[in-house]
Every structure is written in structure tokens, then in C-alpha cells.
Amino acid sequence: MLPNGFIEQYLAIGLTHYLVVAAVLFCCGIFTMMTKRNAIGILIGVELVLNAASVNLIAFDRYLVSHEVDGQITALFVIVLAAAEAALAVGICINLYKNLATVDVDTATKLQG
Amino acid sequence: MTQFSVPWIPRTTRTNFGYPAMAFTAAVVWLIVAVVLYWVSSAALESHPTAILFLVVGPVVLAALSVAAGLAVATWPIWVPVLLRLAPIILIGAVIASCFGVWAVNALFLWVQDDVVASAVNDPAVDTWFGWPLTIGEITQAMPAAIPDWIAPLVWPLQFPLFRDVISMTTLIIFFTIVPVFVIWWERKVAGRIQSRLGPMRVGRWHGWAQSPADGIKLILKEDLVPKDADRILFRLAPYFAIIPSAAAYMALPFGVKYVFRDLDISLVFIIALLAVEVHAVILAGWASNNKWSIYGGMREACQMISYEIPMGMALLIPVVCAGSLSLKEIGEVQSGGWFTWLAFSNPFAFVAFIAYFIASLASCKRAPFDLPEAESELVAGFLTEYSGFRWALFFFAEYAAMFVVCALAVILFLGGWNSPLPLSWGDYVIRWFGDNWVSKGINGVLFSGPVWFVAKGVFFLFVQLWIRWTLPRIRIDQVLYACVQVLLPMTMILLLGSTLWVWASTSDSTAWMWFDGTVNVIVGLVGLVFALGFVVIAAYGFYHRRRLVGNLVIDPLPGS
Amino acid sequence: MASNTRTVTPVLTAAVVLLGMASSAALAASGPGAAAPSSVTGAVPPGGILEPILFYIVAAVTVISSLGVCIARNIVRMAVWLFIALSWIAFLYFLLAATFLGAIQLIVYVGGTLILLIFGVMLTSRSPWVRFDPPKIEIAAAAVVCGALLVTLCIVLCRAVWPATEGAAPGVSVADLGRGLLTTYLVPFEVAGVLLMIVMVGAAHLARQEKK
């Protein structure tokens, strides 16, 4: 009924499996960024996108060049920089809240037009 | 005078013949079942040893147990008072027996894993998802001749790592459940003594040892409350986020050289990571309660916990630099040369780092002078205000389990872990005296390196934590953060720098530095020895004078006595 | 008592399951391919039977929690789903034998960044049940776009031919990571340090209290 080796193909976990997971994470992150009006919701989407990139980097490191450290160090830098950027972004959100009494990004239209 | 009664033992003076009659009936039924099954198995299964074990020996043992239970219930007025009188001895005996049990089970697992499985012949045609199963015949061949053949079916399930893991995990779960139960009782006794009173004295007749289990049973029986406008799902989820990291940290803790559930090569960072996840439980608990005091308590607590993780992590890096590995087992093995090889005494920076780590870990466990989030006099109960019953118990289990983990980290990283103050190389003399067998391994385990030392040292530091809690006053949140950012953080940075430079200098070959290093090592070790001996002297003095309390002894009389 | 068994049993199950998963992940990470027989009969895949089971469970939970992030409308629920997603991504790192990175993900992301986000949520929310939603047409358009992107990515990834690799590869140890950070990647390491200091100063300045 099933083609030969169908189950075996899914039992041996390879690079593609991890890349597909990372792609799903990436698309969920972009969807979150596009559809949330809460500024912190947008930040959460950014975190998902960055995590997808890290998963990609580490998967490539493990499956293609497992004796090198490049992928893991780059993923480490991504984690560090994501933390830094989240800190600044939360500071901006708090400033937004102080000035406009809301974090709805659609209300930040003072410079419009 | 005792007001409580255990509901399942009838409190009548007339002996109830119901239970023994039921037990005798059950015994007769089991025996009939056993005879039938023996007849069936000898006819159909050709006396397969496993079948005989499970189908025949099982019912016979159950028959014996039912008879014993019936007799016990029938004669309870005779033996229950004796048992209550002997309860402390039984407790201590149970503790010692379980230590031996753990040691024996571990030795059994190692024997199965190293000797039996390795030497048995593997038949590669038989492949299952768990690996190659060895048949009972192969196991019988591989065992030494001195052991009788009927042990082989009992050993058969132990060859699968999954089965061994389940048993080890059960042991770990039992341990990490018993630690909070014991420490809660002990805290109340220590608190009582420090406050010139006796602590729990009634439940269990000997110093209220059964207070903790009784409290546990009471909490399970309480009503399951969720506040009206609270976020129901998050409210229910928060205790799990607290208990699971505390429990999972025990997986990576090495209790001894061969007593580690999973020997990870990054076990230190793993445990730090799990302690970092616990902060979320506090925030979620505070937020989900929909209660101002909970939210204040939760945010203050999260702030305090994450702030103190930085000096804690930096102080923990110092033994890593000295030992050269992130694996807790390797760091423990480096310290096996006796008192002066312990990493707290290897250089003066490490000694101060030990104290800095201890303070930071107190704050990270929200204990002692940093227990603002649980400040009973200020925030009702902080983030735990709306929690009652088993959920509250789970938070407390998580807190006390995390306390032990943090003390265990201090012990492994700074104070030699499972090694005793005597060097491990002296164990060779014991082996020469008694021969290389289980006796000498047991003696070495007690004298030189074994889980007993690890647990004892961990419990000692738990005692220091309890002692500090009931001695020092609480400090305010701004003082807490001042102490972290402006005192501990620069201090640990300087200690890390100094320690790294010290270790780097030790890699050079200059003999002058070797002499200097050795002298400083001995001096710092002697300072530590003075502290330890001082504590022992003061403890002995206090024990000798334990029946003398400062001030009036307050015992509140029960109504009606 | 009956009502509290509702709390006890899920807790015990969750604890046992998570302990088991964590230990299995650690086992899978500490030795890629635990006790695998040869593929003579082809019954057990290389790498043991545990690795595919664990991978599918971890991947499923990660995907479900990231979908939860998209779909949740309450910001605190979104943060909790993100917590679950980030923790299970750390499990993924353990499965990829990047154990140090997994622990760092838990410490920095879950134990740092996410707490920062939750603090931001709590400091800027006026009530737990306020929701801002964009109009439905925008959500539908975004879903179409992201769906198309996902489908394209998956087709490309499944059709791509990567260079042949062996199943169980030698991992990278923490010592190698440290050496790499201090030799090849020294300049980015120092720049990242300076950047973090700048970010700390900037964030403290942004969130300061105005002197009235």
C-alpha cells in the first residue's frame, strides 16, 4: 500500500526535518508580527523569527560540518543579540505607554502625514 | 490526651474478628490459586522459571502476607504502643536501611551492566526496539557460579536501560519528595530552638516528627480553590512550572562517583538553566491570582531572582576555571585528595566566592533575609496569597527541593562533593587490608568517598540556611537590589578575574609560585578547618546543654487537658 | 479529596513525563545513537528508536506552541505559549547535540529575554482582558501570505539535495566553543560585549523616570 521505504524515510531524522520545523516557526513569527497590534506582541513574533534562524544554524552545523563550531557560535551570537534587542524594544514600548497610555501601535500616528 | 485517631484502625477495646477472618479467607483462596497454577504451568509451560516465579511464588507470598496482616490487625493493642515508643529508632533504621538499599541496588545495576551483559553471548538475529534481549539461559551462563540459577529470571529485566532508568528515577523522586518533608519539620524545630521554644512536639510523640506528613495529608484534603476572576489555566499551570525544574535538577546531580542519573558534560549549566526557568512560575502565579499583593510579590520576586542569578553564575564559574570542566562529576573528582584539595581552599578568591555564592543562592531561593516575596507580615503571602491546598504544597516542595539543589551545588563545587576530608588514596590501604571485595568498597564508601558525605554536607548547608533565616531580619527590596548590583556583582567580577589569573599563574612552571600557592592553600584550608571545628564545638556545647532554654519555656496547654 | 486528585495526577504525570523526556534528551545528546544494533534486519533505524520518537514529539509541541502564539489573543497567554515554544526549542538543541547552546537558550532566552517581555507586558497592560485585534480581512491576508511562504519554503527544502552526511556525527564540545570564541571569533565576541553595554545604558535611559 505504502511505497517502499516510506516509513524508513521518516524514521531517519535528517537535516530537512529540522529545517521544516524552523520554517514553520519562521512563518508563525511573521504572522504574529503582521497581525498583532500590541507592540509587545510584535516583539514576540520577532523572537520566534530569531529562534527559527538559530535552529537553522545549529541544524546546518550538526549535519553538514559537525566538526566545526561556526554554526553554534553564530547561534550563540544570535541569542545574545536577540536579548539585547528585546531589552531595547521593551524600553521603547514602555516609553510608548508613558506617552500615549496604550501600547496599540495603530495609535502611534503623530508623525503621520 | 491525644485528640487524633487514625481512622483505619478501629479504636475499640473489643477485638474485631472481621479482619483476620477476611485475611484467612484470602490466604486460602490464594493457596488454591497457587496449586491450580502450578498444575497448569507444569503441564503446559514445562516449568518455565519465570512462569513459576510469577504464577506460583506470587500467590504463596500473598497468602503469607494476608495471614500476617490479619494477625497484625487482630493484635494491634499489643504492638501499636511499642511501635510508637520505638518510632524514632525505626525512622533512623529506615534511613540507614534505605541508604544500604540504594547502595545495593546501584551495585546490582553496575554488576548487571558491566559483567553480565558484557560477557553474555548476543544473538544478532533477535532484534527488538529495546536492543538485544538476552535470554535467561545466556544470563545464567554469564553469572558467576556462586550465585544460584533462580536469580537469573529476576536479573533478566534489569538488562534493559529503560527498566534501570525507571527504578533510578523512582528513587530520585522519592528522595526529592522526602527532602522537603524532612526539612520543613527540621525548620520548625530549629526555629523553635532559636526562639527559645521547642517546636512541634505532639504529632508522633517524639518531637513531632510526623508533623510534616500530617501537614501533607491535611493539604491534600483541602478544597481546590481558584479565585473568581483569576486566569484559571495559568493559575493551575504555575505550580507545575515551579516543581518540574526543581525535580529535573536532581537528574544531573552526582551523589557519588557512580551515583549519577545522567552524567551530562554540561551539568552545571543545565542546573543553572533549570533554576532560571523557576522564575516564570513566580511571575505567572502572581499574575494569574488577579490580586494586587500577588502581583507586587511576583514582580519583586522575579526581579530579585534574576538579579541574583548573575553573581551566582559568576561565582559558580570560579570552580569551573579551577577544575577545567563544566561537568559536576569531574569537578567532584578533582577534589578527591582530602581537605586541602577542595576547591574552596585552592585560592583565597575561591573561598570568598564560596561565601558570595552562598549569599546569592539564598536570594535566588527567596530564603533567609531575602524573603520579601513571602513576607508574611507585609504582603500577606506575596505571590502565594491565593494558593491553598496541594498547589501551595507544590510551591513549597519546589522551594525546599531547590534549596537542596543549591546547597548540593555549593557542596560539589566548593567543598568536595561526595569526598570526605580524608584523601581517597588512603582507600588503597583499606583494600590491602580487607581485599578487593564488597566489604572494602563499603568501608571506603563510608570513610572516603560516598553519597553519605554528599547528603550530610548538603544537609549541613541546609541547616545554615535555616539558621540564617531565623536569625537575620528581612531587608527591603531596594536594599536587596543594592546588595546585588552594587556589592555582589563587582565583588564576584573581581573574584573571577583574580581566580582566573591565579589559575593561569599556576600553569607556569615557576617553583616560587608553587611554594606560594601551596602555602596559601594550606593557610586557607586551615581557616576553613577552624570554622568547621568551631561549628562542631559550638554544636556539641549546644547539644550538651540542650535541655536548658534561655528564658521561660512556653508550652501551650491543650484545651481539656 | 476528589477535587485535589485533579491537581495531583496531572502534576505527577507531567513531572514524570518531563523527567523522562529530559533524561531521554540528555541520553540522546550524550551519545548520539544509543546502543543501536546493526541494520541487518532493518528493524531499528540508525541512531536508535528513541531519536525519531523524541524528535517528532518535540517538533510537534514546538509547532503547536508557535501556532498558539499566533492564535492567542490575550498577550499574557501569548507570552506563556512563547515560553513553551522556547523551552521545547531548547529540547531541539539537545537533540541536535548542541547541549551547551540548549542550556544557554534556557538561561538567556527563557530565563532572561522572556522575563523581560513579561515584565513589559505587565507594565503596559491596563487590564488582563483587553484585546486589540486588527480587522478580519488583514488577518486573512496575513494568513494567506504566510501560508504561501510556508508552502514555498517546504517545497524548496524537501527538494533540496544536501551533501551526503553520516547519521551520528562527532559533536562539538564546550572547549571547542570556547576556543573558537577566543580565536576565530574574538572580534565579534568583544564587539558583542561592547554592544551589550551600550544596550544596557540605552535601555536604562529609555525607561528612566522623568524628573518633574
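Every chain is numbered from 1, with letters handed out A, B, ... down the list of sequences.
- Contacts with chain A (heavy atom to heavy atom, under 4.5 Å) involve these residues of residues 147-154 of chain C, listed by number: L149(C), L150(C), L153(C), C154(C).
- Ranking I58(A), T32(A), V20(A) against chain C, the residue ahead of the rest is I58(A), based on heavy-atom pairs under 4.5 Å.
- The nearest pair of heavy atoms linking Y109(C) to I79(A) is CD1-CG2, 3.9 Å.
- Contact count versus chain C (heavy atoms, under 4.5 Å) is highest, among D106(A), D104(A), I94(A), for D104(A).
- Heavy atoms of T102(A) lying under 4.5 Å from chain C belong exclusively to its side chain.
- Side-chain contact between F31(A) and I139(C) is present, with heavy atoms from C-beta onward closer than 4.5 Å.
- At a 4.5 Å heavy-atom cutoff, the contact between F26(A) and chain C is made by side-chain atoms alone.
- Considering all non-hydrogen atoms of both residues, A59(C) and V21(A) come closest at CB-CG2, 3.7 Å.
- The contact between I92(A) and chain C is made by backbone and side chain atoms together, counting heavy-atom distances below 4.5 Å.
- Residues L196(C) and A84(A) come closest through the heavy atom pair CD2-CB, 3.8 Å.
- With a 4.5 Å cut-off on non-hydrogen atoms, F119(C) does not touch chain A at all.
- Of the atoms belonging to L195(C), it is side-chain heavy atoms, and not backbone ones, that fall under 4.5 Å from chain A.
- To the nearest 0.5 Å, atoms OG (S66(C)) and CG (L25(A)) are separated by 4.5 Å.
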Trace of the side chain to side chain contact (heavy atoms under 4.5 Å, CB included) decision for Y18(A) with L95(C): CA-CA 10 Å; Y18(A) 288 98; L95(C) 277 174; 3.8 Å; yes
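- With sequence neighbours left out, the ring-ring contact (aromatic ring centres under 6.0 Å, His included) criterion links F77(A) to no other residue.
- In plain terms, the two heavy atoms of A83(A) and V108(C) that are nearest each other are CB-CG1, 4.0 Å.
- Both the backbone and the side chain of L181(C) have a heavy atom closer than 4.5 Å to some heavy atom of chain A.
- For the pair V69(A) and G180(C), the tightest heavy-atom approach, listed with the atom from each and the gap, is CG2-CA, 4.3 Å.
- Between chain C and the residues V80(A), L43(A), V55(A), the most heavy-atom pairs under 4.5 angstrom are made by V55(A).
- With a 4.5 angstrom heavy-atom cutoff, A192(C) touches chain A only via side-chain atoms.
- Residue contact with chain C, scored on non-hydrogen atoms closer than 4.5 Å, involves the backbone and the side chain of V24(A) alike.
- Rounding to the nearest 0.5 Å gives a distance of 8.5 Å between CG of L117(C) and SG of C93(A).
- Atom CG of L96(C) and atom CG of D61(A) lie 9.0 Å apart (nearest 0.5 Å).
- Interface remark: E68(A) contributes backbone atoms only to the contact with chain C (heavy atom separation under 4.5 Å).
- Nearest heavy atom pair, residue A142(C) against residue T35(A), reads CB-CG2, 3.5 Å.
- With a 4.5 Å cut-off on side-chain heavy atoms, W162(C) and T16(A) count as touching.
- Residue contact with chain A, scored on non-hydrogen atoms closer than 4.5 Å, involves the backbone and the side chain of A143(C) alike.
- Using a 4.5 Å heavy-atom cutoff, the side chains of L76(A) and L101(C) are in contact.
- The contact between D70(A) and chain C is made by backbone and side chain atoms together, counting heavy-atom distances below 4.5 Å.
- Every salt bridge (Lys or Arg N to Asp or Glu O under 4.0 Å) that D176(C) has, sequence neighbours left out, goes to R179(C).
- The distance from the CD1 atom of I40(A) to the CE atom of M78(C) is 10.0 Å, given to the nearest 0.5 Å.
- Residues satisfying the side-chain hydrogen bond (donor to acceptor under 3.5 Å, both in side chains) criterion with Q72(A), sequence neighbours excluded, are absent altogether.
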